[in-house]
Colleague: 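The structure follows.
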Amino acid sequence: MKLNKVLVVAMVMLIGVAALGAPIKVALVAPFTGLGSILGDYIKMGAQLALEEINAAGGVNGDKLEMIVYDDAANPSTAANVIRRALFQDNVVAVFGPNMSSSVIGVHQLAQQAKVPMLVGATSPSFRYSVIPNDFLFRLRADDKVKVIQLVKYAVEVLGIEKPGIIYGSTDYCIAALEVAKEEFPKYGIEIVAMEQIKEGDKDATGQLLKLKNAGFDGLIGLTHESEAAVSVNQLRQLQIDVPIIGFSAWGVPAFTDLAPEAAVGVYSVQGFNPVDPDPAVQAFVEAYKARWDGKEPSDPAQAYYDGMYLLADALRNVGTDGTKLAEYLANEARIVGVQGELKCDEHHNFTNVCLISQFDGKDWQIITKLY
Amino acid sequence: MLQDILQNIVSGASIGATYGLVGLGVVFLWLTISRINFANISSAMLGAYLFYSFYTQLNLGFFISFVLSIGVIALYGLGLRVFIYEPIRKRGGGRLEFVVATLMLCTFWLNLIIVVYGALPKPFPPVFGGSNDFISLGGIRIPSLYLNIYLVIAILMVFIYFILNKTLIGKSFRAAAQNREAAALMGIDVKVTTSLSFIMATVVVGIAGILLAPIYFVSLELGGGSIGVKGFASAVLGGLTNPYGTILGGISLGLLENFSTLYISSTYRDIISFSVLVAVLILKPSGIFNWKRKKI
């Protein structure tokens, strides 16, 4: 009898201790296989670095954070499956990702159903809060609309482009950017002289570039993915058409400059992140990231999810693990300083609008201006 | 204006020649064993990635890297016969089964490459000159890279012509393609000719892959992008049997694309060019560039 009592007390204590020390589970949904697999690594390494730092500093009110990683293969239906598992079987308190806009649009309602905040790094303006009013959906970096607005402003005000010619791709990413550019240029009283499409995978842009030239363009606005950016600038140089070039975010990454190292010299781009940014917060992040991940350099999604983990930890500290309270806190009260500067939820449910205008010098992207 | 048109002709013909080069692999296998390999384009991707590994990652130098890549591709071609073609044939499978098997093989290779190398395109080492080098002919600019492609196409044309028409091997190829059993009865070692067919078809496309990598980058587009479809289109324009017609078919397709862009619309380019292709096929299914259908 006595022994039984002791056992019961011991078990109750054990369960209590286990409950006290039970880690707070968060989900990370990103592509690790399929076409977007490179992004998954950046995202995971950024988020995990923040998580390890937070846990090393004592966790959240004494509890450790635990991250469960799911592979969505950059595919909306796979994303829906893994997010269902995360929300309804693994009972996570928050979901990071998915990182593809099409996946976010496909799965955000699950977060609403489960009343669990979903923090994403996808950048399409098509799920801004004004378009999709989901109280549980938040974005961790500047969206594409912000970036194109800044690109157009710089093209007109600084580069003095008066007859812009646009080359654009055929995916959502490119078309959404094109729509913003079509809205923005007329605001400066400027007409786009020609808009030419280069399909993903195309390796010849001669026809498009000649058309832009014949339309009398005095600046190339590039709204394509990385490979097509490389094809376009290579051929522009070959045809010796000498105009300033300013490209969208895919034009400001090594995946583009590695493919066209010579032709890309002098190209301007709007970026979300730049590892040579002298901002102390960015440098501290870059150093910590490199130290943790064998000298690998971080990228835009890495910093976004790194910041996201700190935002969530702040919310958990203040309101606990209830999803609705977390979402309310994130929307109205959360305010921290992260790698991307001050993070605060705006009316679009974006935590930041930070972007940089940079120019490629043959080796690095030199920052010209940083905009918040 | 005239200069624009000429520039457009040069660029269109050049990119079109790359389609034709890929189409040669299709034609070669059809000519010799009457099979369509839907994983034809995978050999180009494998060639490019192998060369990239040997040259850039292992620093083996151009010549060794090239020979090793082509050697591996040749073994792969042999593997195609031993592990896919023969088992299907022995179990009573025909052309359709081979098509389906190779279609799946194409997806297999794409995914294997994603796992091993990742999905990001990689820059190809400038072994054929820089990506911006060009020669200028009266104001028309031809990228230097394309000169290599023209040269290799010319060599391959002569080689294929010679093999098929002037050697005993060529005769045995054609005999085996027409009637496998009869050819075997006549003392032709059908196994050897079939192996050679596979090896040559994959090697041609593997070489094409290495040549095209500076243009297409070391990327998945070389193994699953539109170039595979356009390679097939070129081969069909050549009636699947005419190597020269295939190159011409590719060039016409490239020209059609570039002129649709210049004079109609870049957005509708593929719609226009593929409509024309379908129309041409309906009007002349044996291939418009197939002037000698029976015999090369």
Side-chain angles (χ1 to χ4, degrees), chain A residues 31-41 73-74 166-170 175 178 194-214 225-231 233-241 253-265, chain B residues 1 3-5 7-12 14-16 18 110-111 114-115 117-124 126 130-134 136 139-145 212 214-222 224-227 230 254 257-270:
Chain A
F32 296 96
T33 53
L35 292 175
S37 55
I38 178 90
L39 289 174
D41 291 337
I166 296 180
I167 190 149
Y168 64 99
S170 67
I175 302 288
L178 177 73
M195 290 175 271
E196 289 300 314
Q197 190 171 56
I198 176 169
K199 295 246 164 52
E200 286 64 35
D202 280 0
K203 297 304 164 204
D204 188 51
T206 313
Q208 288 93 327
L209 295 172
L210 288 176
K211 252 180 128 167
L212 293 176
K213 191 184 95 181
N214 293 339
H225 291 278
E226 292 86 348
S227 294
E228 292 69 44
V231 170
V233 295
N234 268 335
Q235 292 190 330
L236 198 74
R237 304 298 191 208
Q238 274 162 14
L239 295 170
Q240 294 185 321
I241 301 172
V253 295
F256 156 57
T257 51
D258 285 352
L259 297 180
E262 295 155 29
V265 174
Chain B
M1 202 60 205
Q3 197 171 343
D4 282 356
I5 294 173
Q7 180 68 55
N8 216 33
I9 290 176
V10 167
S11 303
S14 301
I15 200 82
T18 70
L110 265 181
N111 283 283
I114 292 173
V115 172
Y117 292 92
L120 271 191
K122 299 176 194 316
F124 192 78
S131 53
N132 283 327
D133 300 348
F134 59 86
S136 195
I140 310 298
R141 296 180 185 86
I142 308 170
S144 314
L145 296 169
L212 300 187
I215 300 162
Y216 285 80
F217 312 121
V218 183
S219 71
L220 300 170
E221 280 154 20
L222 270 178
S226 57
I227 183 175
K230 289 169 184 171
E257 286 182 348
N258 270 27
F259 279 94
S260 315
T261 302
L262 190 60
Y263 291 115
I264 308 171
S265 156
S266 49
T267 313
Y268 292 102
R269 190 200 69 180
D270 283 355

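Order of the sequence lines sets the chain letters (A, B, ...), proteins ahead of strands, with each chain counted from 1.
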Colleague: Rounded at 0.5 Å granularity, tell me how far OH in Y168(A) sits from OG1 in T267(B).
Modeller: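 Atom-to-atom, Y168(A):OH and T267(B):OG1 are 3.5 Å apart.
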
Colleague: Does OH belonging to Y263(B) count more than 12 external heavy atoms closer than 6.0 Å?
Modeller: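 Counting other residues, nucleotides and ligands, OH of Y263(B) exceeds 12 neighbours.
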
Colleague: Please give me the minimum heavy-atom distance between K122(B) and L259(A), naming the atom from each residue.
Modeller: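 Here K122(B) and L259(A) meet closest at C-CD2, 3.6 Å.
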
Colleague: Looking at K211(A), E200(A), Q208(A), which one has more heavy-atom pairs under 4.5 Å with chain B than the rest?
Modeller: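 If we count pairs closer than 4.5 Å to chain B, K211(A) comes out on top.
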
Colleague: Please tell me if the side chains of K203(A) and L212(B) come closer than 4.5 Å, counting only heavy atoms from C-beta onward.
Modeller: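 Heavy-atom side-chain distance check fails, nothing below 4.5 Å.
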
Colleague: Looking only at non-hydrogen atoms, find the nearest pair between D204(A) and G12(B) and report the distance.
Modeller: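 That closest heavy-atom pairing would be OD2-N, 4.5 Å.
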
Colleague: In a check of side-chain hydrogen bond (donor to acceptor under 3.5 Å, both in side chains) between S266(B) and each of Q197(A), E196(A), K199(A), which one passes?
Modeller: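 Testing S266(B) for a side-chain hydrogen bond (donor to acceptor under 3.5 Å, both in side chains) against Q197(A), E196(A), K199(A) leaves exactly one candidate, E196(A).
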
Colleague: Let me know if I264(B) has heavy atoms under 4.5 Å from chain A in its side chain, its backbone, both or neither.
Modeller: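 Answer is backbone: N, CA, C or O of I264(B) sit under 4.5 Å from chain A.
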
Colleague: So which of I140(B), T261(B), I142(B) has the largest heavy-atom pair count under 4.5 angstrom toward chain A?
Modeller: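 Winner by heavy-atom pair count: T261(B).
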
Colleague: Out of D258(A), I198(A), L209(A), return the one with the most heavy atom pairs under 4.5 angstrom to chain B.
Modeller: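 The option with the most such pairs is D258(A).
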
Colleague: Heavy atoms only, distances under 4.5 angstrom: which of A205(A), S227(A), A255(A) has the most pairs with chain B? Name it, please.
Modeller: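 Ranked by contacts with chain B, first place is S227(A).
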
Colleague: Can you tell me how far apart OG (S144(B)) and CD (Q238(A)) are? Round to the nearest 0.5 Å.
Modeller: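 Reported value, rounded in 0.5 Å steps: 8.0 Å.
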
Colleague: Let me know if Y216(B) has heavy atoms under 4.5 Å from chain A in its side chain, its backbone, both or neither.
Modeller: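 It is both, since atoms from each part get that close.
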
Colleague: List in chain and number order the residues that pass ring pair (Phe, Tyr, Trp, His ring centres under 6.0 Å) with F124(B), two or more places apart in sequence or in another chain; answer none if no residue qualifies.
Modeller: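 Partners of F124(B) by the ring pair (Phe, Tyr, Trp, His ring centres under 6.0 Å) criterion, ordered by chain and then number, come out as F51(B).
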
Colleague: Answer with side chain, backbone, both or neither: which region of I215(B) has an atom nearer than 4.5 Å to a non-hydrogen atom of chain A?
Modeller: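 For I215(B), backbone and side chain are both near chain A.
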
Colleague: So which atom in Q7(B) and which in T206(A) form the shortest heavy-atom distance, rounded to 0.1 Å?
Modeller: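 Taking every non-hydrogen atom into account, CG-CG2, 3.9 Å.
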
